[in-house]
Structures are given as C-alpha cells and as structure tokens.
Amino acid sequence: MPFACALAVALACFVAAAPPAQAFTVHNGAAATVFASGFDFHPGLRIGPFGLAFDAQQRLFVSSRDHLYRFGPAGGEASGNRVSSAPIGVGLTGLAFASDGRLYGARHLDAERGDIVELDPRDGSVLRVVTDDFPCPIAVAVDPVSDDLFVSMIRCADGIVRVTDPESDAPRTSVWATGIEADGLTFSPDGTLYAAHHRDAQGNTLSALAGTATATPGARTGLGNVPNSDGVAVALGNPPPFVVVNRTDGVITKVDLTQPGAAQTDLVRDGSRGDLVAVGSDGCLYATQTDSVLKVTNADGTCKPPAGSGGGGGGGSAGSSSPPPVLGPGLAPTSVPPGPQVRRCAVGRRLRVSVRFRGRRLRVARVYVGRRRARTVRGRALRRPVYVRGLPARPFTVTVRGTTRRGRRVVRRTRYSACGRRVLSRRTSRRG
C-alpha cells in the first residue's frame, strides 16, 4: 500500500519484526505508563502512532497512519479520540504547533513525494498546503526564535530543510543543514536544534545545530552514538545537561551531555518500535510505540522539581542519600504555544512601516501584521510611513500589499523578531 511504500523509503531504522509490546520494563529511577493505546499499525513496518504535539490546552495530538487523534490529560483509547473523519493523505508523520496556535503536519502523498500542510485541530482537515513537492517529510519542529519550520527527510534527502514564513501565502524553503540523514528533531528554548540521525562520518547519531539567532546558524556538533535513535527530547538548562532518545528497538535512553563520552542510561527497555516524541508543560516525555504512546516520568510520577525547590539533575540535597530524579530539571516543552490568544507587546509599542516602493506609484496599500489587516492607506498618506500597534510577543511578518496606478500589484514581506525589535528578513515581489 502507498503508506507502507512511502515509509519504507523514508524510515531507515528497522528492527526485527515482533508483536506490539503491551509490556515494558523501566530502569534507573524511571517510571512509565501507557497514556494512549489501541492505535492501528502497519503489520510489516510495525508503525502506528508517529508524530506528537501539544496545544495550548495541553491536549496531545497524535498522527497515526492517515488520521489525527487528540487526547486530554487522562489519555485513553485511540478509537474514542480520533478527530479526523477522512484520511489525511496516505500517511501523516510529524506534527508541531507554532506559537500562534497553527498546527503543521508532514504528509506523504506517494512513495517519494509529500508536503507540509496546516491542519485544522478541530477535525484534522487540511486548511492549506504550506509547501508542496517535499520529498518524504518526517519530523517537524518550530524554531522558538524565528517561528520557522524545520523538517527532516531521512532516506529521501540528506539534511534538514527550513521553511521560512510558513504562515504567509509565499513561504520559502532552504537547506538548513547537510551531512546527516535526520529523523527526529526538537529545539531547546534558546533556539538550538537537536537531531537524531543516521550515523555520520564521525560515528554520531545525535547532533546539536546552532540556531537562527547565532553568528553561525546551522553549525553542527556531534553528541554521541545512540543505536537506532529516532525521536529526541532535550532537558531544560543552558546548555541542557541531557537528552532523551526514543529508539526503534524498544528502548528509551537518557544521554548525559555533562560527562565525557555522553554516558547513556536506559530508562525503558523491552518496549516496541519507537518513533517521534513530545514533551508537555508538565515536563514529562510522551513517546510513541508500535500501537501506543508511553508517558515517562521520575519514579514518583513527577517530571520536574516543584517551583522554588532548586531541584536539578546534579545530585541529591545536602544530607540526603536519595539519588536525584532521573529527569532532573525536567524536559523542555515542545510545540507549546503561549496560549489560546497570541500574547501582545506593551500597549504603547508601535512599529514604523514604509508603504513606498521604489519606482512604483501606488493607488492603495494595505498593511498586514500576520493575517490581521492593520492599515489601509490611500492618497497623500502613501508618501509617509504608517505606524502599527498590537504587535505579537513572538516573531511575526508584516506584509505590505500595494496596487499601482496601472493596476499592477507589489508585495513586500518583512520578518521581525518579537515586538518588532529587529528585522530578520525582507523580500519584495512584483506581480502583474
């Protein structure tokens, strides 16, 4: 079937076929419970639930084959939590929520072709195609600095692709990193990208890539070799003390980045095939298996220290013989928007926007902040800048759409950092 063919090309970490594991064992101070179960899975590939993402209400969205599922804090059976009524392509893989609440998904259309789409979280319908002709996309991660999408394409293409301005009607794609066949992706809060990938020339299967706010974006550092690595989550901290890897051989492994050689500790063994992961605001790890999603915690069921406790991953308190919690300071949440409504900057803050285009005499110009129309300008007002307010406290795009006196259209898009403090990119196009 098409989905099997597509993922057979896209996914490389195959292990010996085994029935889906209903049992698993926990080790080294970890605990795990089945959070969601009963997913349909491909019997040959042993792939069922694949992509995971949390929304602002801390509901977990799961992609499994060609459908979208949504779970509340108690989890449950897949059959009672499916939100899509029709198949979404032939295979839905990675999921990610952006800071404005948009849900993005990677979709397979046939054996080697796919796209990135924006999905309606209510019913799983495709709202729009963000970028098409994408070779077998797998994981999707949102950069907390730029709000751009980063996509892996293991087996179909070497490297990681960046989708700039995904919320606009003309997003751009570019190669962000090369030299690795990347699978799972996640960002730390400072914008560093962490990737699980095939073994590189130095023998690494985990890497950290410098983020968009750094002087050398995309520069890669190998972190170690974890066999059959697939999904990856990162601990809180700058730099993070450890990462956790979901593996295709039924193991979930903690990798200590503070120790020479990146010492590895298995938290879960004897599970089934693992793919991508997500972390909620609770700091807990939610990891896919062949037909279920596991919730991995500390031994007492917690995932991060209470506020003000000063807890971390570096050792027990003075005078205490108890070991530190295995998840230490907790894991960095993934794909978590700021809330149901986009946070705004200070009321008095405004942004100066030029509505002039060199060599073009306009009849009218419309200024948009994201999708919101902020100003419409005509006549003499076109000669001077305009000011817009209500700026988002996240990266955003200002679009100026002008119509010339001859009826031609011109468009300028400027990408700003949070609250418009600095320009990230600018592009002008002419139509007609």
Side-chain angles (χ1 to χ4, degrees), residues 9-13 51 53 93-96 98 104-106 112 114-116 130-166 171-226 228-234 238-240 243-246 255 257 262 275-278 332 334-335 395 415 424-425:
V9 173
L11 301 178
C13 301
T93 53
L95 299 173
Y104 295 103
E112 296 185 4
D115 56 17
I116 304 299
V130 177
T131 178
D132 57 8
D133 196 21
F134 215 107
C136 53
I138 298 297
V140 181
V142 176
D143 179 9
V145 175
S146 67
D147 231 25
D148 292 345
L149 304 182
F150 289 72
V151 185
S152 64
M153 304 166 295
I154 193 168
R155 281 291 178 149
C156 283
D158 178 359
I160 299 169
V161 169
R162 178 181 182 179
V163 183
T164 303
D165 296 344
R172 291 169 290 151
T173 60
S174 58
V175 176
W176 179 252
T178 59
I180 54 173
E181 293 185 47
D183 200 333
L185 304 174
T186 194
F187 278 96
S188 62
D190 69 352
T192 302
L193 178 62
Y194 290 79
H197 52 82
H198 277 188
R199 187 174 298 179
D200 64 12
Q202 291 73 43
N204 295 297
T205 63
L206 287 174
S207 290
L209 295 96
T212 53
T214 59
T216 54
R220 184 170 66 90
T221 302
L223 300 177
N225 177 11
V226 179
N228 303 299
S229 59
D230 201 306
V232 59
V234 61
N238 191 15
V243 298
V244 179
V245 178
N246 196 22
V255 182
L257 302 181
D275 282 293
L276 304 182
V277 301
T334 54
S335 301
R415 186 72 170 168
L424 299 176
S425 63

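Every residue two or more places apart in sequence or in another chain was checked for a salt bridge (charged side-chain N to carboxylate O under 4.0 Å, His left out) with D143, and none qualifies. Residues forming a side chain to side chain donor-acceptor pair (under 3.5 Å) with D190 (at least two apart in sequence, or on another chain): S188, T192. By the side chain to side chain contact (heavy atoms under 4.5 Å, CB included) test, A139 is found to be paired with S152, L185, L276, residues two or more places apart in sequence or in another chain being considered. Scored by the side chain to side chain contact (heavy atoms under 4.5 Å, CB included) test, P166 finds Y104, V130, D148, L149, V163 as partners (sequence neighbours excluded). When the side chain to side chain contact (heavy atoms under 4.5 Å, CB included) test is applied to D158, no partner is found at least two apart in sequence or on another chain. Scored by the salt bridge (charged side-chain N to carboxylate O under 4.0 Å, His left out) test, R199 finds no partners at all (sequence neighbours excluded). In this view, T178 and V175 satisfy the side chain to side chain contact (heavy atoms under 4.5 Å, CB included) rule, not counting sequence neighbours. With sequence neighbours left out, the ring pair (Phe, Tyr, Trp, His ring centres under 6.0 Å) criterion links F150 to W176, F187.
Residue pairs meeting the ring-ring contact (aromatic ring centres under 6.0 Å, His included) criterion with at least one member in residues 201-226, sequence neighbours excluded, do not occur. Counting only residues at least two apart or in different chains, salt bridge (charged side-chain N to carboxylate O under 4.0 Å, His left out) contacts with residues 203-222 comprise D200-R220.
Residues D147 and V142 meet the side-chain proximity criterion, which asks for heavy atoms closer than 4.5 Å. Inter-residue side-chain proximity for V151 and I116 is flagged as met; some heavy-atom pair is nearer than 4.5 Å. A heavy-atom distance below 4.5 Å is not found between the side chains of L206 and N204. Using a 4.5 Å heavy-atom threshold, the side chains of R172 and D165 count as touching.
Of the possible donor and acceptor atoms, none in the side chain of S229 sits under 3.5 Å from a partner among the backbone N and O of V245. Using a distance-only test at 3.5 Å, with no hydrogens or angles considered, a donor-acceptor pair links the side chain of T205 to the main chain of V226. With hydrogens and angles ignored, the 3.5 Å screen pairs a side-chain donor or acceptor of N246 with a backbone N or O of D275. In this structure a side-chain-to-backbone donor-acceptor pair under 3.5 Å is missing from D115 to T131. When atom types are taken as modelled, the side chain of T216 and the backbone of A210 share no donor-acceptor pair closer than 3.5 angstrom.
Nearest heavy-atom pair across G51 and L95 is O-CD1, 3.7 Å. Nearest heavy-atom pair, H197 versus A182, reported as atom, atom and distance to 0.1 Å: CB-CA, 3.7 Å. Closest approach of A278 and A53 over heavy atoms only: CB-N, 4.3 Å. Looking at every heavy atom in both residues, P137 comes nearest to M153 through CA-CG, 4.3 Å. Residue G218 comes nearest to L209 through the heavy atom pair O-CD2, 3.8 Å, listed as atom of the first residue, atom of the second, then distance. When all heavy atoms of V140 and A96 are compared, the closest pair comes out as O-CB, 3.5 Å.
Note that CD of Q202 is 12.0 Å distant from CG of N225, once rounded to the nearest 0.5 Å.
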Criterion side chain to side chain contact (heavy atoms under 4.5 Å, CB included) on I160 and I180, from CA distance to verdict
CA-CA 8 Å; I160 299 169; I180 54 173; 4.2 Å; yes

